[in-house]
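Before any comments, here is the structure.
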Amino acid sequence: MNKERFNKKIFSRIDKLINDYQLIKENEKIAIALSGGKDSVLTLHALKNYQLNANFDFELVAISVDEGIEAYRQHGIDAAVSNTELLDIPLIQKSFKEEEGFVLDDIYYYFKSACIPCGVFRRNILNKTAYEIGANKIATGHNLDDEIQSFLMSFSRGDTVKFSKFGPELNQIHEKLVPRIKPLWNTPEKEVGIWAILNDIEIHLDECPYSNLSLRAKIKEFLNKTESKHPGTKENVLNSFIKILDVENVHTVLNECEICGQPTSGKICKSCEIKDIIRGNIE
């Protein structure tokens, strides 16, 4: 496979998505959620490439979050540091321990899945950090596979409120909630992996030791098996979603958490609820 031709294909698709949806505008500060995995690293490189070729100025900064998973997370942090140094993009490093007072390894067994506290704390830290540095948007590495997995998870749970979180850009619904963009929204996960291999990019390849316990892992396995038997299934699911789902008519009203002041749909945010559960178990 020709590396230059493949790079042009994948970056052209990402550039087109950014332009079509106006994901990035002049003088904005874009915070990239950087785990060090292939998806977030491609997002980092793609936005740097877009910045170099854009006819307007905008700022890039990366944020990494150490959840506290022994023998796993440090590899991702190393990849994040390496790639941000290579591209001359500033990196802000945060951790569950410093920000929330816990590491995931010590508290995951209080919950049905480790993904529950991990996802809540990680999103909370990313948002607070991006808000504090004045970022206009947070760019995540969600790819086409991630998007349809999330859609099917919400569909299977009857959680129609989550449908408002689909699409390449999430509108700002609270002044303290930094809107998110997904530059890889229509890029298949397989192509992300090919890009990393062809370009010999330093990435964190290890699978999270807790991921196999999640509903997402089961849906991912189902979709991959179906795709192998019926190529094009994933793209068809995404196209169907685009045609039938009117996310603009799904509205979410947010309050501010009575404890920490962060945006929440209830009186108490999920982060504070989870910390209360953890304290109750520790005590």
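- The distance from the CG atom of L60 to the NZ atom of K48 is 6.5 Å, given to the nearest 0.5 Å.
- In the displayed structure, K275 atom NZ is contacted under 6.0 Å by more than 12 heavy atoms of other residues, nucleotides or ligands.
- Going from atom CD1 of I77 over to atom CG of L91 covers 7.5 Å, rounded to the nearest 0.5 Å.
- Tracing side-chain contacts under 4.5 Å through hydrophobic residues (I, L, V, M, F, W, Y), one reaches I14 starting from F58; they form part of the same cluster.
- The shortest side-chain heavy-atom distance between D39 and H142 does not fall under the 4.5 Å cut-off.
- F56 places none of its side-chain heavy atoms less than 4.5 Å from the side chain of K25.
- Here the straight-line distance linking atom NZ of K38 with atom CG of L205 works out to 8.0 Å at 0.5 Å rounding.
- Enclosure of atom NZ in K16 is not indicated, since only 12 or fewer non-hydrogen atoms of other residues, nucleotides or ligands lie within 6.0 angstrom.
- Checked by atom type and distance alone, the side chain of E147 pairs as donor or acceptor with a backbone atom of G167 at under 3.5 Å.
- Separation of atoms CD (E59) and CD1 (I30) is listed at 9.5 Å; rounding is to 0.5 Å.
- Atom CG of N2 has more than 12 heavy atoms from other residues, nucleotides or ligands within 6.0 Å.
- Checked by atom type and distance alone, the side chain of D145 pairs as donor or acceptor with a backbone atom of E189 at under 3.5 Å.
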key: Chi angles and distances behind the side chain to side chain contact (heavy atoms under 4.5 Å, CB included) call for I181, Y21   = CA-CA 10 Å; I181 58 174; Y21 287 89; over 6 Å; no
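- Within a 6.0 Å radius of CG in D20, more than 12 heavy atoms belonging to other residues, nucleotides or ligands are found.
- Side-chain atoms of S82 do not come within 3.5 Å of backbone N or O of D78 as any donor-acceptor pair.
- For the pair V103 and E70, the minimum side-chain heavy-atom distance is 4.5 Å or more.
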query = Under the side chain to side chain contact (heavy atoms under 4.5 Å, CB included) criterion, do N281 and Y109 qualify, and how do the steps go?
reply = CA-CA 10 Å; N281 279 279; Y109 42 81; over 6 Å; no
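- Remark: I92 CD1 to I133 CD1 distance equals 4.0 Å, nearest 0.5 Å.
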query = How far apart are the C-alpha atoms of Y108 and I69, what are their side-chain angles, what is the distance that settles it, and do they pass the side chain to side chain contact (heavy atoms under 4.5 Å, CB included) test?
reply = CA-CA 10 Å; Y108 76 91; I69 305 174; over 6 Å; no
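- In this structure, the side chain of K176 engages the main chain of G261 through a donor-acceptor pair within 3.5 Å.
- For the pair N83 (side chain) and E202 (backbone), a donor-acceptor distance under 3.5 Å is present.
- The aromatic rings of F96 and F121 lie perpendicular to each other, with more than 60° between the two planes, well past the 30° mark.
- No side-chain heavy atom of T140 sits under 4.5 Å from any side-chain heavy atom of T43.
- Counting only distance, with no hydrogens or angles, the side chain of S40 and the backbone of S35 share a donor-acceptor pair below 3.5 Å.
- For the pair N127 (side chain) and R123 (backbone), a donor-acceptor distance under 3.5 Å is absent.
- Between V61 and I89, the shortest heavy-atom contact is CA-CG2, 3.9 Å.
- Residues L47 and P183 approach most closely at CD2-CG, 4.0 Å, considering heavy atoms.
- Side-chain contact check for Y210 versus S113: every heavy-atom pair is 4.5 Å or farther apart.
- Side-chain atoms of T187 and R13, non-hydrogen and from C-beta on, do get closer than 4.5 Å to each other.
- Taking every heavy atom of both residues into account, D206 and H75 meet most closely at OD2-ND1, 2.9 Å.
- Nearest heavy atoms, L177 versus L254: CD2-CD1, 3.7 Å.
- Residues E258 and I268 come closest through the heavy atom pair CB-CD1, 3.9 Å.
- Counting only N and O atoms by type, the side chains of N224 and K234 include a donor and acceptor under 3.5 Å apart.
- With hydrogens and angles ignored, the 3.5 Å screen pairs no side-chain donor or acceptor of S12 with any backbone N or O of K9.
- Of the charged side-chain nitrogens involved, none lies within less than 4.0 Å of a carboxylate oxygen, so that E227 and K190 do not count as a salt-bridged pair.
- In summary, of the residues considered (F11, Y50, W195), a ring-ring contact (aromatic ring centres under 6.0 Å, His included) with H45 occurs for W195 alone.
- Contact annotation: the side chain of Y131 never approaches that of I138 to less than 4.5 Å [non-hydrogen atoms, C-beta and beyond].
- Residue L170 is not grouped with residue V178 when hydrophobic side chains (ILVMFWY) are merged at heavy-atom distances under 4.5 angstrom, including chains of intermediate members.
- In this structure a side-chain-to-backbone donor-acceptor pair under 3.5 Å is missing from N143 to P188.
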Side chain to side chain contact (heavy atoms under 4.5 Å, CB included) between E169 and Q22, worked out = CA-CA 9 Å; E169 181 176 24; Q22 294 186 309; 5.9 Å; no
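- Dense packing is recorded around CD of Q74, with more than 12 heavy atoms of other residues, nucleotides or ligands lying under 6.0 Å away.
- Smallest separation of non-hydrogen atoms from L198 and K3: O-CD, 3.2 Å.
- If you take CD1 on I32 and CG on L126, they are separated by 12.0 Å, rounding to the nearest 0.5 Å.
- For the pair N53 (side chain) and N49 (backbone), a donor-acceptor distance under 3.5 Å is present.
- The side-chain heavy atoms of S271 and C260, taken from C-beta on, include no pair separated by under 4.5 Å.
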